[in-house]
Amino acid sequence: MKNIEENIKILKKKIQNLLKNNNTFLKKIKIVAASKNQSSQKIQMALLSGIHEFGENYVQEGINKIRQLKQYNNIIWHFIGKLQSKKTKLVAQNFDWCQTIDREKIAFLLNQNRTNTQCPMNVLIQINISKEKNKNGIDIKQYQKLAKVVSEMPNLNFRGIMAMPKKEKTSIKYSDYENIHNIFNILKDKYKSVDTLSLGTSFDITTALMYNSNMIRIGRDIFDC
Ligand SMILES: *Cc1c(COP(=O)(O)O)cnc(C)c1O
């Protein structure tokens, strides 16, 4: 029977091999364990197996786990779910990163509710890459203005972009990855704080790394046993 520790070993090996095969010089890929619906015990197991960053989709569920695991001060908590404006305060006060800024109002409220005693919140703009109507993220044509607003907020540290390409049944839509990669390069040139492309989940790690992702959000490949 596989377990979380074994899963993480396999995942890290897979990433290492992909980087070699892509002829990319061995760069640093951050793994964020997508831990929605997983218990604090399972998160603890992943932590003890060498994962230090966790992504939660639901504010209250995430905060409960943050509290339960507060004895581990080396965990970095990411909010990766759809964010409603009335929950922004809780996210600003409890998480280290927010990956899902998709409109100015959210950026404004996160900035406002990040207290002065905390370091600036690391944030990513989520881009709706597959142009799906019901998908989260800002329209690909409108990210520039939002990026400018976010970059000027004193309590936010604008680190880059996040995207979740649509899972196609038969083939990977490479143009989506190409577009997101281009947007990342444009922003990286423009803003010196930008260094993070959060792209890739259990189903598309290979493609994401091909397009220079340096942060992958992995749920099933870590927690499915
Ligand atoms: C659940 C989730 C993931 C992880 O997906 P898996 O297929 O389980 O690896 C990544 N990103 C977001 C935003 C998620 O909600």
Side-chain angles (χ1 to χ4, degrees), residues 2-15 18 29-40 42-43 45-47 49-66 75-84 87-88 91 95-103 106 110 121-138 140 143 159-169 172-173 176-177 180 184 196-211 213-225:
K2 284 199 299 172
N3 59 29
I4 290 174
E5 188 182 5
E6 186 67 17
N7 285 349
I8 291 169
K9 262 195 210 136
I10 293 168
L11 175 66
K12 286 187 170 172
K13 187 97 199 133
K14 178 177 178 180
I15 294 169
L18 284 171
I29 306 291
K30 281 193 193 169
I31 301 171
V32 174
S35 46
K36 57 175 176 278
N37 305 325
Q38 305 295 342
S39 64
S40 294
K42 288 198 168 169
I43 292 176
M45 224 177 287
L47 182 68
S49 309
I51 298 284
H52 293 275
E53 311 207 24
F54 294 88
E56 289 286 335
N57 290 63
Y58 310 106
V59 177
Q60 202 49 56
E61 179 189 327
I63 290 174
N64 291 344
K65 294 177 200 173
I66 292 171
I75 303 185
I76 296 169
W77 291 100
H78 297 247
F79 185 75
I80 62 172
K82 171 130 190 90
L83 186 49
Q84 302 165 275
K87 301 268 176 77
T88 45
V91 169
F95 287 81
D96 304 295
W97 286 67
C98 178
Q99 299 203 6
T100 49
I101 292 186
D102 60 357
R103 55 197 193 274
I106 295 290
L110 285 174
M121 175 167 231
N122 293 300
V123 297
L124 303 177
I125 289 175
Q126 182 177 4
I127 301 207
N128 180 354
I129 195 65
S130 304
K131 299 191 187 73
E132 290 176 88
K133 285 242 161 42
N134 55 352
K135 262 275 162 86
N136 309 328
I138 188 164
I140 193 161
Y143 74 91
R159 299 292 296 271
I161 51 177
M162 182 272 230
M164 205 151 169
K166 187 168 166 221
K167 187 175 179 181
E168 302 281 350
K169 282 208 180 62
I172 302 233
K173 205 167 156 222
D176 284 351
Y177 293 83
I180 204 78
F184 178 57
T196 303
L197 174 56
S198 175
L199 176 70
T201 64
S202 297
F203 94 93
D204 65 345
I205 299 175
T206 307
T207 315
L209 294 192
M210 253 165 57
Y211 287 92
S213 165
N214 57 14
M215 179 180 278
I216 53 176
R217 308 177 310 273
I218 306 297
R220 285 169 297 149
D221 276 4
I222 289 176
F223 292 107
D224 279 6
C225 297

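Every value quoted in this text rests on a predicted model; they were computed, and no experiment measured them. Residues take their numbers from the sequence shown, with the count starting at 1. Both counts, for ligands and for their atoms, begin at 1 and track the order of listing.
Taking the six-membered ring where the residue is Trp, F54 and W77 present tilted rings, their angle falling between 30° and 60°.
Using a cutoff of 4.0 Å between basic side-chain nitrogens and carboxylate oxygens, D204 and K167 are not scored as salt-bridged.
With respect to atom 2 (C) of ligand 1, the closest heavy atom belonging to the protein is K36 NZ, 2.5 Å. Scanning all protein heavy atoms for the shortest distance to atom 9 (O) of ligand 1 gives S202 OG, 2.5 Å. The shortest contact between atom 7 (O) of ligand 1 and any protein heavy atom is with R220 NH2, 2.7 Å. Here the heavy atom of the protein found nearest to atom 10 (C) of ligand 1 is T201 CG2, 3.4 Å. Closest protein heavy atom to atom 11 (N) of ligand 1: R217 NE, 2.9 Å.
Counting atoms of ligand 1 from 1 in the listed order, those under 4.0 Å from a heavy atom of M164 are 11 (N), 12 (C), 13 (C), 14 (C). Per-residue contacts place N57 under 4.0 angstrom from the following atoms of ligand 1 (heavy atoms of the residue considered): 14 (C), 15 (O).
Taking a 4.0 Å cut-off on heavy atoms, I218 registers as neighbouring ligand 1.
Annotation: salt bridge (charged side-chain N to carboxylate O under 4.0 Å, His left out) contacts of D176 (sequence neighbours excluded): K173. Partners of K65 by salt bridge (charged side-chain N to carboxylate O under 4.0 Å, His left out), not counting sequence neighbours, listed by chain and number: E56, E61.
In this structure, N122 CG and R159 CZ are separated by 4.5 Å, a value rounded to the nearest 0.5 Å.
A donor-acceptor pair shorter than 3.5 Å can be found between the side chains of S198 and Q99.
The side chain of A34, and not its backbone, has at least one atom closer than 4.0 Å to an atom of ligand 1 (non-hydrogen atoms only; side chain from C-beta on).
Closest approach of L209 and S213 over heavy atoms only: CD2-O, 3.7 Å.
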